[in-house]
K.L.:
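First the structure, then my questions, so here it is.
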Amino acid sequence: MNRKVYMKAEDFHAQNAELGTALPFADDLSLLNAPLTVGGHTIHNRLACQAMEGCDGTPGGAPDALTVRRYDRFANGGAGLIWFEATAVMEEGRANPRQLYIHESNVDDFKRQVARIKETALRANGFEPVVIMQATHSGRYSKPQGVPAPLIAYNNPIFEKDQPIAPERIVSDEYLDRVGEALIHGAELAERAGFDGVDIKACHRYLNSELLSAYNRPGRYGGSLENRTRLLRESIAGAKAACGKDFIVSSRLNVYDGFPHPYGFGVKPDGTTEFDPTEPVWLLRELRNLGVELLNITMGNPYFNPHVNRPFVRGGYTAEEHPLEGVARMLHGIAALKKEVPDIKLICSALSYLGVAAPNVVAGFIRDGGFDIGGFGRTIFAYPDFAKEILIKGAMDPRKICLCCSMCTEIMRAGGTPGCVVRDRELYLPMHKQLVGGK
Ligand SMILES: Cc1cc2nc3c(=O)[nH]c(=O)nc-3n(C[C@H](O)[C@H](O)[C@H](O)COP(=O)(O)O)c2cc1C
């Protein structure tokens, strides 16, 4: 079956019917214009720029020229919410030498960046977006000097196969206590820099996400569900206590990893890879009881099963499932959680493959109570004006949509600064040619 991104709504309808993916589709997009209140903040519309790392900070971790360019484009684009990319809170937890890293000595650089986003958006669209900083420790995927320097929660034979990572790279409980302190301090720094909120990142199998499945880890951070979620819960509680009452404390959360128990979170304990919402629902309720109002939900591991995380047309392999089935797993999975915990506001992920059908599918889910905000990832590299065009023109332009070709990721994996090779080609095509050889 054809796997191309949808350039026409009819193609989406045909495959949605053929695959039985039952994704809702609303013709009326007016719901996307409805504001949403979170804490003391108003998110002006239901479209969000997802966290999209550019690996283009300064060696010291501050935003650099390409970072500023990207956020100018996102700010101009008209989304009500900008989820500011993975920003390390400990040097050794950076995923690459140019990953953003916030600390006492560069908080003013972040302050200028946030002010610029707000001013640019206000000028272009007449409102300021809500901007939330993603605070991270990359754990297993730490590479602060450009070579892998993993810090893991536990050995995982699915990733490590017959080359287990050395025991001294398994972080101690005391180290995790320090990570919690650094995440809370990162929240304080984010507030000082003018961000509207912080995301205590717990997704895509970086450190906090890996802990969620540390079933066999001994000590305070492993075993029971309470222990496995301790770092996340305590960092959120600490950030809430340390920051002002209007500061949003949130998380980008993996609710399903896509590999079997005892190595995956949100999977049935029967050896299959089937989604089991039991533990994620417990976690959502705990976070809501801590005062969390908004969560950004995602699934999968971008290194190991990217078809779960970001359904693609062209990538390192051909997935058994159709990309639309991947999108459906994500969106229906999120809606299943919302049904159980309706009083928490949810942002969805993995919309880019839907192409021109994305706004209608988002509006359909919002109409049916499935989630509250549509979060666009790769699309924002390709088509940073997507929100403006959806809200004003009522449709996405098929000539501008993301083709889900994975070339942005190829640049990132080759150690470069990712962007859209197809739609922003003057800048990123030469980089792709140089680093990936134009393959
Ligand atoms: C180049 C690139 C950088 C990304 N950076 C981040 C990041 O900093 N933080 C994060 O949580 N997810 C990150 N993601 C994942 C996206 O936010 C998103 O979840 C994924 O691409 C699926 O959404 P989409 O189908 O709209 O692209 C990144 C993805 C790509 C391809």
Side-chain angles (χ1 to χ4, degrees), residues 5-6 47-57 66-67 70-71 74 79 81-88 94-96 98-101 132-138 141 199-206 208-209 250-255 295-303 305-313 315-316 323-324 326-331 334 347-355 357-359 361-362 373-384 386 396 401-421 424 428 431-432:
V5 170
Y6 304 113
L47 301 172
C49 290
Q50 273 295 6
M52 286 293 289
E53 194 174 357
C55 313
D56 50 19
L66 280 179
T67 327
R70 277 184 304 111
Y71 284 94
F74 302 162
L81 175 63
I82 295 183
W83 209 270
F84 193 85
E85 73 200 73
T87 303
R94 286 172 91 178
N96 59 74
R98 293 190 66 183
Q99 182 171 53
L100 297 181
Y101 164 35
I132 295 182
M133 186 195 88
Q134 181 171 74
T136 189
H137 183 304
S138 295
Y141 301 107
D199 153 16
I200 304 294
K201 182 176 189 176
C203 66
H204 305 161
R205 297 297 292 216
Y206 295 101
N208 224 330
S209 164
S250 180
S251 181
R252 190 157 198 223
L253 185 64
N254 248 53
V255 294
L295 286 172
N296 188 345
I297 307 292
T298 178
M299 297 179 173
N301 175 326
Y303 304 88
N305 54 10
H307 68 283
V308 175
N309 178 250
R310 52 178 148 82
F312 54 80
V313 172
L324 192 63
V327 175
R329 180 198 298 107
M330 180 81 75
L331 302 185
I334 296 171
I347 305 163
C348 78
S349 301
L351 294 170
S352 293
Y353 177 74
L354 293 173
V361 171
V362 171
I373 294 181
F376 289 75
R378 290 161 293 179
T379 293
I380 65 173
F381 278 1
Y383 189 177
F386 76 102
M396 290 174 90
I401 58 175
C402 164
L403 299 178
C404 298
C405 66
S406 299
M407 287 201 270
C408 55
T409 320
E410 286 168 358
I411 297 180
M412 180 156 76
R413 297 283 180 264
T417 58
C420 185
V421 175
D424 197 5
Y428 290 102
M431 285 190 205
H432 189 266

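Start at 1 and go down the list; that is how both ligands and their atoms are numbered.
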K.L.:
Name the one of Q99, R70, R98, Q134 that satisfies side-chain hydrogen bond (donor to acceptor under 3.5 Å, both in side chains) with E53?
P.N.:
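Between E53 and the candidates, side-chain hydrogen bond (donor to acceptor under 3.5 Å, both in side chains) is satisfied uniquely by Q99.
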K.L.:
Examine A86 against ligand 1 and note whether any of their N/O atoms are separated by less than 3.5 Å.
P.N.:
yes
K.L.:
Does T379 reach ligand 1, in the sense of a heavy atom lying below 4.0 Å from it?
P.N.:
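No, that is not the case, since the closest heavy atom of the residue is not under 4.0 Å from the ligand.
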K.L.:
Need the ligand 1 atom indices (1-based, order shown) with element for anything under 4.0 Å from a heavy-atom of N309.
P.N.:
22 (C)
K.L.:
By number and element, which atoms of ligand 1 are closer than 4.0 Å to a non-hydrogen atom of Q134?
P.N.:
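This gives 7 (C), 8 (O), 9 (N), 10 (C), 11 (O) as the contact atoms.
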K.L.:
For the side chain to side chain contact (heavy atoms under 4.5 Å, CB included) test, which of T379, I401, L351 pairs with F386?
P.N.:
T379
K.L.:
Show which atoms of ligand 1 fall inside a sub-4.0 Å distance from at least one heavy-atom site of A350.
P.N.:
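Matching atoms, with element in brackets: 22 (C), 23 (O), 24 (P), 25 (O).
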K.L.:
Just say parallel, tilted or perpendicular for the rings of Y303 and Y141, cut-offs at 30° and 60°.
P.N.:
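Rings of Y303 and Y141: parallel, as their planes differ by under 30°.
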K.L.:
Can you sort out the partners of D424 under salt bridge (charged side-chain N to carboxylate O under 4.0 Å, His left out), two or more places apart, ordered by chain and number?
P.N.:
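With sequence neighbours excluded, D424 shows a salt bridge (charged side-chain N to carboxylate O under 4.0 Å, His left out) to R69, R73, given in chain and number order.
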K.L.:
Cation-pi check for Y353 against R378: NZ or CZ below 6.0 Å from the six-membered ring centre and within 45 degrees of the axis, yes or no?
P.N.:
no
K.L.:
Considering only non-hydrogen protein atoms, determine which one is nearest to atom 6 (C) of ligand 1 and report residue, atom name and distance to 0.1 Å.
P.N.:
A51 O, 3.1 Å
K.L.:
Can an N or O of F376 be found at a distance shorter than 3.5 Å from an N or O of ligand 1?
P.N.:
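In this structure, F376 places no N or O atom under 3.5 Å from an N or O of ligand 1.
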K.L.:
If you measure from CD1 on I380 to CD on Q50, what distance do you get to the nearest 0.5 Å?
P.N.:
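That separation rounds to 8.0 Å.
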K.L.:
When you compare ligand 1 with E53, is there at least one nitrogen or oxygen pair between them that comes in under 3.5 angstrom?
P.N.:
yes
K.L.:
For atom 20 (C) of ligand 1, which candidate among R310, K201, M52, Q50 holds the nearest heavy atom?
P.N.:
R310
K.L.:
What's the separation between atom CG in D56 and atom CG in L100, rounded to the nearest 0.5 Å?
P.N.:
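It is 7.0 Å, given to the nearest 0.5 Å.
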K.L.:
For Y71, enumerate each residue passing the ring pair (Phe, Tyr, Trp, His ring centres under 6.0 Å) test, keeping only those at least two apart in sequence or located in another chain.
P.N.:
F74, F84
K.L.:
Which part of C203 is near ligand 1, with near meaning a heavy atom under 4.0 Å away: side chain, backbone, both or neither?
P.N.:
side chain
K.L.:
If we only count N/O pairs under 3.5 Å, is T409 in contact with ligand 1?
P.N.:
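No, there is no polar N/O contact under 3.5 Å.
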K.L.:
Decide yes or no for R310 and S406: does some side-chain heavy atom of the first lie under 4.5 Å from some side-chain heavy atom of the second?
P.N.:
yes
K.L.:
Evaluating non-hydrogen atoms only, which member of R252, M299, Q99 is closest to atom 18 (C) of ligand 1?
P.N.:
R252
K.L.:
At what distance is the nearest protein heavy atom to atom 24 (P) of ligand 1, and which residue and atom is it?
P.N.:
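Looking only at protein heavy atoms, the one closest to atom 24 (P) of ligand 1 is S352 OG, 3.3 Å.
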K.L.:
Identify the protein heavy atom lying closest to atom 25 (O) of ligand 1, giving its residue, its atom name and the separation to 0.1 Å.
P.N.:
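Nearest protein contact, heavy atoms only, for atom 25 (O) of ligand 1 is R378 NH2, 2.8 Å.
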K.L.:
Does some side-chain heavy atom of W83 sit less than 4.5 Å from a side-chain heavy atom of S250?
P.N.:
yes
K.L.:
Purely on distance, is any nitrogen or oxygen of G377 under 3.5 Å from one on ligand 1?
P.N.:
yes
K.L.:
Can you tell which part of M412 has a heavy atom less than 4.0 Å from ligand 1: side chain, backbone, both or neither?
P.N.:
side chain
